[in-house]
Amino acid sequence: MKTSQLLTATLREAPADAEIISHRLMLRAGMIRQLAAGIYTWLPLGLRVLRKVEAVVREEMNHAGGQEIQMSAIQPAELWQESGRWEKYGPELLRINDRHDRQFCFGPTHEEIITDLVRREIRSYKQLPINLYQIQTKFRDEIRPRFGIMRAREFLMKDAYSFHLSDASLQETYQQMHATYSTIFTRLGLNFRAVMADSGNIGGSQSHEFHVLADSGEDQIVFSENSDYAANLEQAEALIPEQSRPPATLAKEMVDTPNQHSIEDLCTFLHIKPEQCLKTLIVKSEDGGLIALVLRGDHELNSIKAEKLAGVMSPLTFADNAQIKPGIGCEVGSIGPVALTIPVYVDHSAGNISDFACGANIDGKHLLGVNWERDLPLPTTVDIRNVCEGDMAVDGSGQLSFARGIEVGHIFQLGTKYSASMKANCLDEQGKAVTLTMGCYGIGVSRVVAAAIEQNHDDKGIVWPLALAPFQLALIPINMHKSVRLREAVMAFYEELRAAGIDVILDDRQERPGVMFADMELIGIPHRFVFSERGLDSGEIEYKARTDTENQNISLATAIQFIQERLA
RNA sequence: CGGGGUGUAGCUCAGCUUGGUAGAGCGCUGCCUUCGGGAGGCAGAGGCCGGAGGUUCGAAUCCUCUCACCCCGACCA
C-alpha cells in the first residue's frame with residue numbers, strides 16, 4: 001500500500017473531548033471517527049487492525065473446534081420474552097418496531113438466538129458437544145459510553161456458545177476455551193491475566209474474565225504473587241482472620257464527637273486508627289426495612305457481596321437520613337452496632353477486633369472501648385468487604401497484589417439458565433430428553449484494539465505489537481520526488497518487498513522527512529526502512545524498529561532477508 | 001438517571017462580561033524558496049457562531065426553551 005492511496009487522516013492535535021490515550025491516538029492516527037455518542041466509523045487504517053484481531057480470534061476458535069456462524073443483529077422480541085430478559089435487561093436493550101409494529105431489538109448478546117437455533121437443530125446426543133461462534137456487531141445502549149471504542153454502544157464482539165449433555169462435558173470445553181483465550185491474547189502480544197469473576201447479568205455459575213493489564217483499566221484486579229490465583233476485586237474472597245480476637249482491655253465509654261461524620265474525621269478527632277473503628281452502613285432490605293452492614297473503618301464495602309446476603313435489596317441501595325433517623329434515632333455518621341434493633345451483618349474482620357470505636361446511635365456521640373460479646377452480641381460474621389493489597393490470598397499462597405485491567409474477554413458456565421427457560425433439550429443414549437447445558441465465551445474484538453494501545457504506546461504514538469499492526473513495515477524515501485534515480489530504486493524495492501509477502505506501506509507523499517517519520521511513528525508501524533540517495537550510493541538502507549532508539553545501516557542486498565527474519 | 005461542563009472554520013481555541021461588518025494557530029488549495037525529525041514567504045478556499053423562539057434599530061454576545069457532545073458515579077466485551 002502507498003500512502004497516496006490510503007485515506008491518511010493523521011491529526012497533530014487530538015479533539016478536545018478525547019480523554020484516554022487510546023482514544024486520542026486512534027483519532028490522531030486516523031483509525032476511527034465518531035458518529036454519535038459511543039458510535040464510530042472505522043477508517044481504513046483502524047479497520048486493518050480490527051481485521052487482524054478478528055483473524056487471530058477466528059483462527060484459534062476454529063483450531064479449538066469452534067464453528068463459525070452468523071446470527072442476525074436484529075432479534076425478535078418473542079425470544080427475549082421467552083427467556084424473561086425482555087423485561088429484565090432494561091433500557092440497555094435497544095428496542096425497535098418494524099412497519100407492522102412488531103417488536104425487535106438490536107442484539108446486545110445472542111443467547112436467545114443461539115438457544116433457539118440449537119433447540120431446533122440438535123436432536124441427539126450424538127451431535128454434542130457443539131461450539132458455535134460468530135464475530136459480529138453488538139449494540140448495548142450504555143448509560144454512559146466513554147473512552148472511544150473502549151466502551152462504545154456499538155462494538156464488535158466474538159461470541160461463542162457451547163452446548164453439552166453433561167456438566168463434565170461443559171467443564172471440558174470451558175477449560176479448552178480458557179486455554180484458547182490465553183493463546184489468542186498471547187498471540188496478539190498482550191500482557192494479560194485471567195481472573196475469576198462475577199457472572200453478572202449473563203448468569204450462570206463459574207466465570208473468568210481476561211484482562212489486559214493497563215493503568216487506565218476500569219477494573220481492579222487482584223492476584224496472588226505466588227500462585228495462579230487472580231480475581232476481580234468484586235469477586236475476590238476475603239479470608240476469615242486467623243488469629244483469634246484479642247481480649248478486651250478497655251471499659252466502654254461514650255464521648256462527644258460533634259460534627260465528626262466520616263471515619264477519617266473521627267480518627268483525627270479522637271486520635272485513633274481507622275482499623276480500631278467500626279463503620280456501620282445502612283442499606284434497604286427487600287421488604288422496605290433497614291439492614292446494617294458493619295465493616296472495619298479501614299475497609300470498603302463490596303456491594304456485589306453485600307447484595308447477595310439474605311434480605312438485602314438488590315441492587316444494593318443505601319438508606320437515606322429520612323429513613324434512618326426515625327428507624328435508628330440518629331443520622332448517618334453516628335451509627336453503630338450497639339443495641340441496634342434492625343438486622344446486622346458483620347464482616348469477618350470487623351468481628352475480630354476489640355476495644356473498638358463506633359457510633360453511639362445518638363447524634364454527635366461515639367462509643368470507645370466497645371467489645372463484642374461483652375457490650376453486644378456477635379452474629380455469625382460474613383464476607384462483605386473488598387480485599388486489600390497485602391491480604392492473604394484465599395488459596396493461602398501469599399499476599400495479594402492489585403493491578404488495573406481492561407476486560408477483553410469473559411467466559412461463563414451458563415448451565416441450564418437459557419436452555420431450561422427456552423426448552424432446549426435433546427435425547428440422550430437412553431432416549432430420554434435432557435436439558436442442554438450451556439457455556440458462553442466472549443471477546444471484545446474492538447475493545448482489544450483500544451486495550452492494545454493503552455498497553456503499547458509512547459510519546460510519539462502507538463507502538464503496535466506485530467500481530468496487530470496495520471502494516472508490518474514502513475518504507476520512507478527521502479526526497480524521492482527530486483531524484484528519478486531514487487524514485488526508480490524505491491519503487492523497485494517496494495515491489496520486491498511486496499513480492500516477498502511483506503505488508504509494507506510506502507510513504508510516497510511529497511512531504512518532508514520529518515512529517516513522514518512523525519506520521520509513521522504515530523500510527524505505530526513496527527519496522528521502518530529509510531531509503532535515500534546517499535544510501536543508494538553506498539548500497540545501504542537504514543533500519544529502525546519502532547521500539548529502537550538508534551538507526552542501523554544494513555546492506556540493501558540483504559534487506560529483504562533481514563526484515564523477513566524480524567517478521568517471522 | 002443524578003452531579004459537573006462544552007457547543008464559533010476540518011482540528012485546537014479566542015471573541016460573549018460592556019450588543020454594532022466573524023478572528024488566530026494548525027490543517028487544506030496554488031505559486032516560489034527550502035529539503036534527514038511536524039520548514040518559510042506570498043496568494044486563496046473554507047462559518048446559518050448547535051437549533052428554535054424572544055428582547056432590540058441591530059444578537060455569536062442578553063433572555064427562554066430545546067438538541068447534541070464530553071467528564072464524574074451505578075453497568076459491561
Side-chain angles (χ1 to χ4, degrees), chain A residues 8-20 23-24 27-28 30 33-39 53 57 89-93 108-110 135-160 181 197-202 207 209-212 217-219 232 234 303-304 307 314-318 405-412 440-451 460-461 476-483 509-522 528 530-535 542 544 551:
Chain A
T8 42
T10 54
L11 303 171
R12 290 185 69 167
E13 290 170 291
D17 48 20
E19 204 75 0
I20 63 163
H23 188 197
R24 296 174 69 83
L27 288 167
R28 284 192 55 207
R33 289 293 181 258
Q34 184 177 38
L35 185 61
I39 300 178
V53 180
V57 169
Y89 211 90
E92 209 175 294
L93 188 63
T109 175
H110 281 69
I135 296 176
Q136 204 227 24
T137 301
K138 301 280 189 266
F139 196 97
R140 295 184 188 174
D141 202 355
E142 295 265 355
I143 300 167
R144 189 157 87 82
R146 61 181 141 172
F147 302 151
I149 58 154
M150 187 82 84
R151 177 174 299 284
R153 290 194 292 173
E154 188 182 304
F155 60 98
L156 192 66
M157 177 168 162
K158 187 283 297 177
D159 47 327
Y181 274 36
D198 186 70
S199 48
N201 239 352
I202 312 280
S207 165
E209 290 169 352
F210 287 76
H211 285 263
V212 167
E218 290 187 87
D219 287 281
N232 197 306
E234 61 191 28
S303 55
I304 303 278
E307 71 186 26
S314 177
L316 192 74
T317 313
F318 284 97
I406 300 165
E407 185 188 351
V408 290
H410 202 159
I411 58 179
F412 304 83
C440 85
Y441 319 92
I443 289 180
V445 174
S446 45
R447 182 181 282 179
V448 164
V449 176
K460 295 194 177 97
I476 300 181
I478 304 291
N479 294 326
M480 179 175 72
H481 296 274
K482 299 190 78 174
S483 162
R509 294 175 297 173
Q510 207 162 337
E511 286 288 355
R512 298 160 61 85
V515 174
M516 296 193 279
F517 293 151
D519 274 351
M520 292 301 124
E521 281 162 348
L522 174 61
R528 179 180 91 185
V530 177
F531 206 150
S532 67
E533 198 147 40
R534 143 178 122 203
E542 263 174 44
K544 183 179 169 298
N551 286 317

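Letters A, B, ... mirror the listed sequences (proteins, then strands); counts begin at 1. In this text, all values refer to a predicted model and were calculated from it rather than measured experimentally.
Counting non-hydrogen atoms under 4.0 angstrom, A:Ala152 reaches a base of the nucleic acid. Contacts of A:Ala36 with the nucleic acid, taken as non-hydrogen atoms under 4.0 Å apart, involve only primed sugar atoms and P, OP1 or OP2.
Legend: residues meeting salt bridge (Lys or Arg N to Asp or Glu O under 4.0 Å) with A:Arg151, ordered by chain and number and at least two apart, are A:Glu142, A:Glu218.
A straight line from CZ of A:Arg33 to C1' of B:G10 spans 9 Å, rounded to a whole angstrom. The distance between atom CG of A:Leu522 and atom C1' of B:G37, rounded to the nearest whole Å, is 14 Å.
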Under 3.5 Å, which N/O atoms of the protein pair with N/O atoms of nucleotides 43-46 of chain B?
none

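B:U21 and B:G7: their C1' atoms are spaced 24 Å apart (whole Å). Across B:C11 and B:A52, the matching C1' atoms stand 28 Å from one another, rounded to whole Å.
B:U18 is unpaired under the Watson-Crick or G-U wobble criterion, no partner having all donor-acceptor distances under 3.5 Å.
One finds no side-chain N or O of A:Gln510 lying less than 4.0 angstrom from the OP1 or OP2 phosphate oxygen of B:C35. Between A:Arg153 and B:C76, a side-chain N or O to OP1/OP2 separation shorter than 4.0 Å is absent. Taking side-chain N and O atoms only, A:Arg512 has no distance below 4.0 Å to OP1 or OP2 of B:G36.
No donor-acceptor contact under 3.5 Å links the side chain of A:Arg146 to the base of B:C72.
Distances from the side chain of A:Ile143 to the nucleotides B:C69, B:C1, B:C72 place B:C1 closest. Listed candidates were B:C11, B:C71, B:G36. Nearest to the side chain of A:Phe147 is B:C71.
One distance of note links CG of A:Asp519 with CZ of A:Arg509; it measures 4.5 Å at 0.5 Å rounding.
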